[in-house]
Trainee: 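Can you read through this structure? Questions will come right after.
A note on names: the letters A, B, ... follow the listed sequences, proteins ahead of strands, and every chain is numbered from 1.
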2 protein chains.
Amino acid sequence: MERKRISESTIHRLSLYLRTLAELDADGQATVSSKELADREKLTPAQVRKDLSFFGSFGTRGLGYPVIELKDKIARILGVNRTWNVAVIGVGNIGSALVSYKEFARQGFRIVKIFDNDQRKIGSNHKGIQVSDFKDFADEAPEAGVEIAIIAVPGPIAQYVVDDVVRAGIKAILNFAPVNLRVPADVYLRNENMSMELEYLSFAMVNNHVQKKTRRTV
Amino acid sequence: MERKRISESTIHRLSLYLRTLAELDADGQATVSSKELADREKLTPAQVRKDLSFFGSFGTRGLGYPVIELKDKIARILGVNRTWNVAVIGVGNIGSALVSYKEFARQGFRIVKIFDNDQRKIGSNHKGIQVSDFKDFADEAPEAGVEIAIIAVPGPIAQYVVDDVVRAGIKAILNFAPVNLRVPADVYLRNENMSMELEYLSFAMVNNHVQKKTRRTV
DNA sequence: TAACCTATGTGACGGGTTTCACATGACTCG
DNA sequence: CGAGTCATGTGAAACCCGTCACATAGGTTA
Ligand SMILES: NC(=O)c1ccc[n+]([C@@H]2O[C@H](COP(=O)([O-])OP(=O)(O)OC[C@H]3O[C@@H](n4cnc5c(N)ncnc54)[C@H](O)[C@@H]3O)[C@@H](O)[C@H]2O)c1
Ligand SMILES: NC(=O)c1ccc[n+]([C@@H]2O[C@H](COP(=O)([O-])OP(=O)(O)OC[C@H]3O[C@@H](n4cnc5c(N)ncnc54)[C@H](O)[C@@H]3O)[C@@H](O)[C@H]2O)c1
């Protein structure tokens, strides 16, 4: 199934294409050229074509790509032509926001469990989901078919939480805590770091930094 | 002031170094080697040294880098050796979470204004800040010295909001809406895209993708 | 003060990713 | 049905970024 090593940048751009294709589809547009796709994402047409070419030939020469078909292809490549069960751990400021975000479900990520260790929160209802005690994670997460864990607990606690999550057999983790988490090699870990983007803005302003190609952004 | 074109990756890594240096400083460690820094960030020592070398020679051969000094240097490079005034626009789920996040202030980003257009929210108090009517942005933001705007409004509205923000003279924007915003060339725009990271996890799982070097990730 | 040790700083190298350029193939129109 | 148009798909080139390897310099010790 794997032909070449696909770069992280390419995968990120596929996410962008997917979003734009969904918009084009909603607008009723039937086909799209690499140029149009590129313009929307501030990329080059060649980049778009090269990215897609890693996975096959989806277009028609002289015409472009069929919007719906390409959207489905990319969804399949990214693995979002299905639903992933997600658990949110820590239902504080950011955890609550994530739980309330209906868009995730539409994109294939369904939050099925919420965990916390605060007695005042355990048992309470968030968007129709009862908050569970994190102590019971190892029992309840597998039972609910959780495949992805989102870590939204305070930084100093995150490593302990992650250790438990890994022990429960979870292989994919999205971390919001501003710490470097250690996980085994077979566990996928991604970090969401808002300070990094703010600091990038700061750097750009201080240095009158020239904006180049927008890479792994948006 | 600018010697070379500095890559986005390098800037992102500086953010990582800064965070780790703050930890080391808190632990009372006086010096740190490129190797130790690299181990903590899952990078190579050469990468660390190269990144720093773009900006000068901060270390001592045979010894390493002085933690406090290097921290200050990087803070200065990133422009966070000062405070930036930030406005949050849209105090819904994610906006509220950001406003409640005290860590930003510690990192040099002080939220001084909150805007919304919901009458029920305007005038209410969030963490000591009165929510303003977004209609008054052009007046109130410059008055409060706002330099960075965080967009946390629904996607379909984001472009209109951003147009107003740009018109008010703001040059740096962090966008949470899942849309591609158009801004003039002299405005710095960064996007925060959580779906992208979830989709990356999804792709990795579906393809048993081998985890390589953690690049522009936390 | 001299010898040794250690980790920096950096030119050279190599690999990977993006851009270029064009041959190719599909559709359209006359 | 044939000529023309257009945008794809892809090798090759260019470029960028990370890694390597080592000369170098500061610290330390005797
Ligand atoms: N709020 C933001 O905008 C923001 C931005 C960037 C990063 N973050 C990071 O996200 C994380 C959460 O931030 P927040 O503002 O939501 O904090 P918060 O304090 O509001 O929420 C943390 C939640 O985690 C729960 N918790 C604590 N220990 C736990 C445990 N052992 N098991 C399960 N749950 C536990 C707490 O009860 C609380 O509900 C932090 O690491 C923070 O640095 C937050
Ligand atoms: N909640 C999340 O976890 C999450 C995750 C990723 C992305 N996002 C994105 O962040 C944005 C906000 O999401 P949310 O969940 O906080 O939505 P929300 O509906 O809770 O909040 C949006 C806020 O914007 C305000 N608003 C609407 N129009 C406005 C205008 N013209 N001027 C000023 N304020 C206006 C609304 O009154 C509301 O308070 C959306 O674009 C969403 O897609 C949210």
Trainee: Please determine whether a side-chain nitrogen or oxygen atom of A/Q47 lies at a distance below 4.0 Å from atom OP1 or OP2 of C/dT19.
Mentor: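 Yes, such a contact exists.
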Trainee: I'd like to check A/V80 versus A/Q107 (side-chain heavy atoms, cut-off strictly below 4.5 Å). Are they in contact?
Mentor: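 No, too far: nothing below the 4.5 Å cut-off.
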Trainee: Which whole-number value in Å describes the distance from B/L70 CG to C/dT8 P?
Mentor: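 Spelled out: CG on B/L70 to P on C/dT8 is 11 Å.
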Trainee: Check the distance between D/dA7's C1' and A/L37's CG and give it to me in whole angstrom.
Mentor: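 Roughly 13 Å, once rounded to whole Å.
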Trainee: Round to a whole Å and report the spacing from OH of A/Y65 to C1' of C/dG25.
Mentor: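 Rounded to the whole Å, the gap is 14 Å.
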Trainee: Under 4.0 Å between a side-chain nitrogen and a carboxylate oxygen: does that hold for A/R19 and A/E41?
Mentor: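 No, no charged N to carboxylate O under 4.0 Å.
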Trainee: Is the backbone N or O of A/A177 less than 3.5 Å from a side-chain atom of A/N175, with the two atoms forming a donor-acceptor pair by type?
Mentor: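 Judged by distance alone, yes, a pair lies under 3.5 Å.
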Trainee: Would you tell me if any nitrogen or oxygen in the side chain of A/S34 comes within less than 4.0 Å of OP1 or OP2 on D/dT8?
Mentor: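 A/S34 to D/dT8 OP1/OP2: side-chain N or O found under 4.0 Å.
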Trainee: Quickly work out the B/F55 CZ to C/dT10 P distance and round it to whole Å.
Mentor: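 About 13 Å, once rounded to whole Å.
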Trainee: How many whole angstroms separate atom NZ of A/K35 from atom P of C/dC20?
Mentor: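 Rounding to the nearest Å, NZ of A/K35 and P of C/dC20 are 14 Å apart.
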Trainee: Taking CG from A/L63 and P from C/dT28, how many angstroms apart are they, rounded to a whole number?
Mentor: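 Distance, rounded to whole Å: 7 Å.
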Trainee: Figure out the CZ/P separation between B/R5 and D/dA14, and round it to whole Å.
Mentor: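 Rounded to whole Å, this separation is 22 Å.
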Trainee: I'd like to know if the side chain of A/E197 reaches the main chain of B/N191, judged simply by a donor and an acceptor atom lying under 3.5 Å from each other, with no hydrogens or angles considered.
Mentor: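 Here the side-chain-to-backbone pair does not exist.
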Trainee: Would you list the pairs meeting salt bridge (Lys or Arg N to Asp or Glu O under 4.0 Å) in which at least one residue belongs to residues 77-86 of chain A, sequence neighbours left out?
Mentor: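 Checked against salt bridge (Lys or Arg N to Asp or Glu O under 4.0 Å) - neighbours excluded - the pairs reaching residues 77-86 of chain A are A/R82-A/E147.
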Trainee: Which atom names give the shortest non-hydrogen contact between B/V112 and B/A144, and what distance separates them?
Mentor: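 The answer is CG2-O, 4.2 Å.
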Trainee: For B/F58 and C/dT10, what is the distance between atoms CZ and P respectively, to the nearest whole Å?
Mentor: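 That distance rounds to 11 Å.
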Trainee: Between A/F109 and B/S202, does the side chain to side chain contact (heavy atoms under 4.5 Å, CB included) criterion hold? Intermediate values first, please.
Mentor: CA-CA 9 Å; A/F109 302 96; B/S202 169; 4.1 Å; yes
Trainee: When you get a sec, tell me which of D/dT8, C/dT18, D/dG18 is the closest nucleotide to the side chain of A/S33?
Mentor: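 Of the options given, the side chain of A/S33 lies nearest D/dT8.
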Trainee: Please classify the nucleic acid contact of B/T10 as base, sugar-phosphate, or nothing, using heavy-atom distances under 4.0 Å.
Mentor: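 The residue B/T10 makes no contact with any strand.
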Trainee: Are there any protein N/O atoms within less than 3.5 Å of an N/O atom in nucleotides 20-24 of chain D, and if so, which ones and at what distance?
Mentor:
{"residue": "D/dA21", "atom": "N6", "partner": "B/R49", "partner atom": "NH2", "Å": "3.3"}
{"residue": "D/dT24", "atom": "O2", "partner": "B/R61", "partner atom": "NH1", "Å": "2.6"}

